[in-house]
Novice: 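I'd like to ask you about the structure that follows.
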Amino acid sequence: MTSYTEIRLKEYYRQGKITPQLFDVVSAPVPEPEQGEVLIKQTHMSLDPAMLGWMTDDTESYIPPVQLGEVMRSNGIGEVVASKHSDFAEGDRVMGMLGWREYATSDGQGLTKLQPGVSEEMALSVLSLPGLTAVQGLLNIGKPKAGETLVVTGAAGSVGSIVGQLGKANGLRVIGVVGSDEKADWIVNELGFDGAINYNTPNLGAQLEALTPDKIDVFFENTGGPIQDDIFNRMNTHGRIVVCGMIADYQAEQPRPGPNWIPLIKQRITIQGFAMPDHLHNAPQLISQLMPYVEAGNIKYRAHTLEGLNSAIDGLNLFFSGENKGKLLVEL
Ligand SMILES: NC(=O)c1ccc[n+]([C@@H]2O[C@H](COP(=O)([O-])OP(=O)(O)OC[C@H]3O[C@@H](n4cnc5c(N)ncnc54)[C@H](OP(=O)(O)O)[C@@H]3O)[C@@H](O)[C@H]2O)c1
């Protein structure tokens with residue numbers, strides 16, 4: 001009988017680097033699909049910063065943690081290699097929450113077929129969580145208007161790079177905040193952002209002031225970190241702050257306190273946090289909002305692909321060192 005590998009959570013994450021000690025790498029026999037099920041051979045897995053939260057015993061969050069002993073949770077794409085389900089045939093490419101495993105069975109719930117001509121990288125980098133998050137956060141919450149100024153942090157990341165490009169396509173001035181000169185160069189010269197700030201350089205406030213002569217109307221926050229205060233203090237009256245992520249605080253022993261609230265009153269600023277599990281029932285609507293931009297060639301992306309299931313473990317650390325250049329994927 002053929003066997004396959006899956007990775008189960010052994011210990012909850014607490015502090016520091018993500019290490020192999022947190023996981024059990026287990027070999028198991030490839031299962032037979034039951035009646036009404038398919039067997040999927042996974043080919044591409046998405047890694048996401050949120051996984052760190054799913055690996056803690058925080059039961060207060062928007063989604064329950066992975067239970068100890070369970071296969072680590074993830075979205076992925078695979079090929080149907082055996083089907084006893086009337087809606088799926090052998091050879092179909094499907095996307096769903098397949099987990100950190102080489103093979104998975106599914107009853108079809110939550111499984112979608114990839115359209116012909118759509119690559120696995122495109123599906124996971126744009127047409128799933130990153131693109132849906134950018135649309136929900138920027139278009140539906142941030143409500144950008146042509147001529148306004150948008151500042152997005154984590155701007156070379158999978159969500160931030162799409163947010164900035166949606167902003168440009170809607171006629172905004174777009175400034176991205178990133179952690180390296182290489183990423184600054186990519187968002188300006190490849191993606192067409194109007195400017196970039198490397199937060200690892202001095203005089204962040206002065207750089208921001210120079211790049212936002214009309215101040216800031218929409219702030220799409222992916223990271224937190226010290227530049228948050230500079231951006232917050234440069235918001236225009238009736239500005240909108242969309243809080244998508246705070247990655248600078250995910251591993252911090254002591255999260256940053258954040259800005260003072262008086263400008264919220266003086267400038268009548270709206271701040272809204274959001275979490276995509278609240279909006280995934282609306283995925284077809286969000287995709288239909290995104291597709292015109294994709295079809296018009298407005299959305300470029302880059303995938304950062306790791307090789308082999310085991311690379312997922314250390315791969316998660318790349319989000320926190322900033323070494324991922326684009327959407328982090330694992331090819332199996
Ligand atoms: N609310 C939701 O439903 C939702 C959905 C998806 C994602 N998110 C959040 O959105 C954010 C971006 O996610 P993503 O998948 O697109 O990841 P990503 O931006 O592709 O990767 C994470 C990036 O965060 C940056 N970063 C790491 N530590 C940082 C620090 N201390 N200060 C500033 N930046 C830091 C790094 O870029 P640099 O090299 O530029 O520092 C790193 O490449 C994350 O916070 C994630 O949790 C939220």
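We count ligands from 1, going down the list as the structure has it; atoms in each ligand are counted the same way. Just so it is clear, the values below take in all heavy atoms, side chains as well, and ignore hydrogens, waters and symmetry mates.
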Novice: In order of chain and number, which residues sit within 4.0 Å of ligand 1 by heavy atom?
Specialist: P49, L129, T133, G157, S158, V159, V178, G179, K183, Y199, N222, T223, C244, G245, M246, I247, A248, Y250, F274, A275, M276, F319, F320, G322, N324
Novice: Decide, yes or no, whether a salt bridge links R8 with D24 under the criterion of side-chain N to carboxylate O below 4.0 Å.
Specialist: no
Novice: Does M122 offer a backbone N or O that forms a donor-acceptor pair with the side chain of S125 under 3.5 Å?
Specialist: no
Novice: Quick one: do L114 and M95 satisfy side-chain contact (heavy atoms from CB on, under 4.5 Å)? Show the steps, please.
Specialist: CA-CA 7 Å; L114 250 64; M95 178 159 68; 3.9 Å; yes
Novice: Which residue in the set W54, Y4, F23 passes ring-ring contact (aromatic ring centres under 6.0 Å, His included) when paired with W100?
Specialist: F23
Novice: Inspect the contact between K183 and E323 and indicate whether a charged nitrogen and a carboxylate oxygen are less than 4.0 angstrom apart.
Specialist: no
Novice: Quick check against the 3.5 Å criterion: does K327 have a side-chain atom that pairs as donor or acceptor with the backbone of L47?
Specialist: yes
